[in-house]
Amino acid sequence: MLDPKLLRSDLTGVATALERRGFVLDVAAFAAWEEQRKAVQIESDRLRAERNANAKAVGHSKAKGQDAGALLVVGESLAEQLQGVEKRLEAIQAEVSNLQLGLPNVLHSSVPEGRDEAANVEVRRCGVPRQFEFLPKDHVALGERLGMDFEAAGRISGARFAVLTGNMARLHRALAQFMLNLHVADHGYREAYVPYLVHGTALQGTGQLPKFESDLFAVRGDPGFYLIPTAEVPLTNLVRDQILAPEGLPLKFVAHSPCFRSEAGAAGKDTRGMIRQHQFDKVELVHIVRPEDSYLALEELTGHAEKVLRDLELPYRVLALCAGDTGFSAAKTYDLEVWLPSQQRYREISSCSNCESFQARRLQARWRNPATGKPELVHTLNGSGVAVGRALVAVLENYQQEDGSVAIPSVLSPYMGGLTRMAST
RNA sequence: GGAGAGGUGGCCGAGUGGUCGAAGGCGCUCGCCUGGAAAGUGAGUAACAUCCUAAAAGGUGUUCGUGGGUUCGAAUCCCACCCUCUCCGCCA
């Protein structure tokens, strides 16, 4: 959510800033609602103050044993007036809040201009794609003999699911373990185990609700839950409604979790293989930082995700997402893309964002700034460190041998009981 | 799932219809005392919204788990829900 004070004081400035994303803010409608809100709230505050004073007078009068009959009549009429005004105020505030929750974050000045992914800017490239002596297979073809089973998954759950067995399942687990250990041991993260079912409030805090409900799986029951689309949701919500001590910052959390996405808008996209699934695993990184540190933290966090790919010796590149391609809650985002030989191109494997105070405001996540002594909003960042399913795909494809076996990256070997090559399940 | 107890400020805890944003304590901040510290002692110490303002100051409102209700007036009475604890049942 954007700062409501900013929306009042510089609405056209905000509208101009959001235009960069291609987002159109209806300035006139917004201003009209705001004007109404102000008028009705002033009236409501006035009536309440009057009612409070009157009620107090009744108390004093009764204490002295005087007749308070006249005051009671006044009070009755005030209560009646208040009821109507409060109802109107409530309706207006709901409308204003709805409008506010629909506004995306304002972009950082360093975000490149552009409408869509074609305008994303490559920041750097690491590693050189391997030259194959043979025609490289894709992970589906490779996985067929090595324990990746889409047919079985289809029987159980339908499209966009995978079953892994044997060494393939183990390699998947090895990747997650390796990433967790790296971030905990070398990058100073605190490991967290978090709920995979969350309520709507948590999702509103991180920005998925109310606007993107169709991307989520809702679970029936009372109370209803949503399946998390990323561990960013529970991890960032760890600081909801908290006032953090300055010496406790930054907080750095890492969690391995499954992620669940309806992929409602992705019909026909990446239908083959494990690239786009309803359920996939991810190791997620979250930083809670002082506002002045957040852009340094974004570089740091992105570097931590990159280290995973470097240790796995996978070629990748880093993109600065352009204005039109940056997500709703983010002020700035770097995507990491890993090389996939079968597609002869780089594919997203991590997304690292600085949300500044956008999520913190929705979460009421604050810290006590020693400079002012006041609670102020923190900045939140999140990034994949990295997507496990896609990392598995990248390892299979980049480490494949001509005979259809797959070499195990040396950093994963210890997690595979010393195995260096996967030839069968 | 059944029975019971409870949810009050950064923390503990008093408060059963009016003068309660809330006693007392702890913690914290500033001062006094001290060579310095501890002890002692004095003062201060919630958040949010909104109005006015360049800002500060200030005004008003809201907040005692959450939402509704009763009342001129609710931390206090009524209803629903959520959460925590104890016991029982079931279970990994």
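The basis for the numbers below is simple: all heavy atoms, side chains too, and nothing from hydrogens, waters or symmetry mates. Sequence lines set the chain letters: A, B, ... in the order given, protein chains first and strands last, and positions in each chain run from 1. Bear in mind that the values here come from a model prediction, so they are computed numbers and not experimental data.
Residue pairs meeting the salt bridge (Lys or Arg N to Asp or Glu O under 4.0 Å) criterion with at least one partner in residues 79-107 of chain A, sequence neighbours excluded, are A:R48-A:E86. Residue pairs meeting the ring pair (Phe, Tyr, Trp, His ring centres under 6.0 Å) criterion with at least one member in residues 80-116 of chain A, sequence neighbours excluded, are A:H108-A:Y295.
For A:H172, there are no ring pair (Phe, Tyr, Trp, His ring centres under 6.0 Å) partners at least two apart in sequence or on another chain. Residues forming a side-chain contact (heavy atoms from CB on, under 4.5 Å) with A:Q100 (at least two apart in sequence, or on another chain): A:M1, A:P4, A:L7, A:F30, A:V96. By the side-chain contact (heavy atoms from CB on, under 4.5 Å) test, A:R115 is found to be paired with no residue, residues two or more places apart in sequence or in another chain being considered. Every residue two or more places apart in sequence or in another chain that forms a ring pair (Phe, Tyr, Trp, His ring centres under 6.0 Å) with A:F212 is listed here: A:F328. When the ring pair (Phe, Tyr, Trp, His ring centres under 6.0 Å) test is applied to A:H187, the partners found at least two apart in sequence or on another chain are A:H183, A:H304.
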Polar atoms only, N or O, under 3.5 Å: list the protein pairs with nucleotides 46-48 of chain B and their distances.
unit_1, atom_1, unit_2, atom_2, d
B:A47, O3', A:R366, NH1, 3.0
B:C48, OP1, A:R366, NH1, 2.7

Map every base of RNA chain B to its dot-bracket character, where paired means a Watson-Crick or G-U wobble contact with both distances under 3.5 Å and | marks a partner outside the strand. ((((((((.[[[..)..(.....]]]((((((.......))))))((((((......)))))).[[[[[..)....]]]]])))))))....

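One C1' atom belongs to B:G36, the other to B:G44, and the distance between them is 25 Å to the nearest Å. Spacing of C1' atoms, B:G61 relative to B:G24, comes out at 29 Å, to the nearest Å. Going from the C1' atom of B:A92 to that of B:A5 covers 28 Å, rounded to whole Å. Using atom P as the reference point in both B:G21 and B:G17, the two lie 16 Å apart (nearest Å). Taking atom C1' in both B:U50 and B:C32, the straight-line distance is 41 Å, to the nearest Å. Using C1' as the reference atom, B:G65 and B:U84 are 10 Å apart when rounded to the nearest Å. The same atom, C1', is picked in B:A47 and in B:G42; the two are 28 Å apart, to the nearest Å. The gap from the C1' atom of B:A14 to that of B:C26 amounts to 15 Å, rounded to the nearest Å.
For the pair A:E43 CD and B:A49 P, the computed distance is 23 Å after rounding to whole Å. Protein atom NE2 of A:H199 is 18 Å distant from nucleotide atom P of B:C81, rounded to whole Å. Put simply, CD on A:Q41 is 14 Å from C1' on B:C52, counting in whole angstrom units.
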Could you pull out every donor-acceptor pair under 3.5 Å between side chains of residues 412-420 of chain A and any protein atom, sequence neighbours left out?
unit_1, atom_1, unit_2, atom_2, d
A:S413, OG, A:G418, O, 3.4
A:S413, OG, A:L419, O, 2.5
A:Y415, OH, A:N181, ND2, 3.0

For residues 146-161 of chain A, dump all side-chain donor-acceptor pairs below 3.5 Å to protein atoms at least two apart in sequence or in another chain.
unit_1, atom_1, unit_2, atom_2, d
A:D149, OD1, A:E151, N, 3.0
A:D149, OD1, A:A152, N, 2.8
A:E151, OE1, A:R155, NH1, 2.5
A:E151, OE2, A:R155, NH1, 3.4
A:R160, NH1, A:K269, O, 3.3
A:R160, NH1, A:D270, O, 3.3
A:R160, NH1, A:R276, O, 3.1
A:R160, NH2, A:A266, O, 2.9
A:R160, NH2, A:K269, O, 3.0

What does nucleotides 53-73 of chain B look like as a protein-contact string, B for base, S for sugar-phosphate only, - for none, at under 4.0 angstrom between heavy atoms? -------BSS---------BS

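One finds a salt bridge joining A:K282 and A:E284 here, because a Lys/Arg side-chain nitrogen approaches an Asp/Glu carboxylate oxygen to under 4.0 Å.
Summarising the local packing, CD of A:E292 is surrounded by more than 12 heavy atoms from other residues, nucleotides or ligands at distances under 6.0 Å.
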